[in-house]
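Reading through the structure tokens given below for one structure.
The model shown is predicted, which means the values in this text are computed figures rather than measured ones. Scope of the values below: all heavy atoms of this structure, side chains included, with no hydrogens, waters or symmetry mates.
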Amino acid sequence: KRAKGRTTERKFQHPFTRFVNRIGFLGRNYFVRFLFHLILCAPLCFILATIMGGLCLFVTSMIYLVAAFKGEQWSPVGLEEKPVEDNKKELKSFRQPKKPPPRAPPQGIEDNHI
């Protein structure tokens, strides 16, 4: 979830959000995620068939390490209580146009009168 601004929940994100939220510190802390991905990538880098997957996990672990040093932390989206008030913006109704929009004349059609 972003620290500032709005964040919308994606489709099928809610079950994973609940799972990560329930494991607490282990799910929220990016340093723990760095260690988890680093441990996962170690055996994959020794087998030729899985070296690309291992390198991807290594890069992922480095991204989590940088985020951990910057002090970032995971926060859930969609689990907090929603206010009773409906804060949705109201759509303004516009009048229907009376004339069609201007269109360019069709090109490539020639008037050949015999």
Item checked: CD1-CD1 distance between Ile51 and Ile47, expressed to the nearest 0.5 angstrom -> 9.5 Å
Notebook entry, point to check: Which heavy atom in Pro101 sits nearest to a heavy atom in Arg103, and how many Å separate them?
Noted result: O-NH1, 3.2 Å
Item checked: Residue pair Leu44 / Leu57, side-chain heavy-atom distance below 4.5 Å -> yes
Margin query: Return the OG1 to CG distance between Thr50 and Leu55, rounded to the nearest 0.5 Å.
Written below: 9.5 Å
Notebook entry, point to check: For Tyr30, what residues pass the side-chain hydrogen bond (donor to acceptor under 3.5 Å, both in side chains) criterion, not counting sequence neighbours?
Noted result: none
Item checked: From CD (Glu72) to CZ (Phe31), nearest 0.5 Å -> 15.0 Å
Next item on the list: Output all residues satisfying side chain to side chain contact (heavy atoms under 4.5 Å, CB included) with Val66, sequence neighbours left out; order by chain, then residue number.
Entry: Lys70
Notebook entry, point to check: Do Val20 and Tyr64 belong to the same hydrophobic cluster, where Ile, Leu, Val, Met, Phe, Trp and Tyr are linked whenever their side-chain heavy atoms lie under 4.5 Å apart, directly or via other members?
Noted result: yes
Check: Residues two or more places apart in sequence or in another chain: which of them pass side chain to side chain contact (heavy atoms under 4.5 Å, CB included) with Lys98?
Finding: none
Item checked: Contact check, side chains of Lys99 and Pro97, non-hydrogen atoms, under 4.5 Å -> no
Checklist line | Asn21 side, atom CG; Trp74 side, atom CH2 - distance, nearest 0.5 Å | finding: 5.0 Å
Note to self: Donor-acceptor pair, distance only, cut-off 3.5 Å: does the side chain of Ser61 make one with the backbone of Phe34?
What the structure shows: no
Next item on the list: Please tell me if the side chains of Leu65 and His37 come closer than 4.5 Å, counting only heavy atoms from C-beta onward.
Entry: no
Next item on the list: Verify the neighbour count for atom CE of Met52: are there more than 12 heavy atoms of other residues, nucleotides or ligands below 6.0 Å?
Entry: no
Note to self: Using every non-hydrogen atom in the two residues, find where Gly54 and Cys41 come nearest and quote the distance to one decimal.
What the structure shows: O-CB, 3.4 Å
Check: Would the number of heavy atoms belonging to other residues, nucleotides or ligands and lying under 6.0 Å from CD1 of Ile23 be above 12?
Finding: yes
Next item on the list: Determine, step by step, whether Leu38 and Arg33 satisfy the side-chain contact (heavy atoms from CB on, under 4.5 Å) criterion, reporting the C-alpha distance in whole Å, the side-chain angles of both residues, the deciding distance to 0.1 Å, and the verdict.
Entry: CA-CA 8 Å; Leu38 192 65; Arg33 290 185 185 195; over 6 Å; no
Check: Is Phe69 reachable from Phe58 through a run of hydrophobic residues whose side-chain heavy atoms are each under 4.5 Å from the next?
Finding: yes
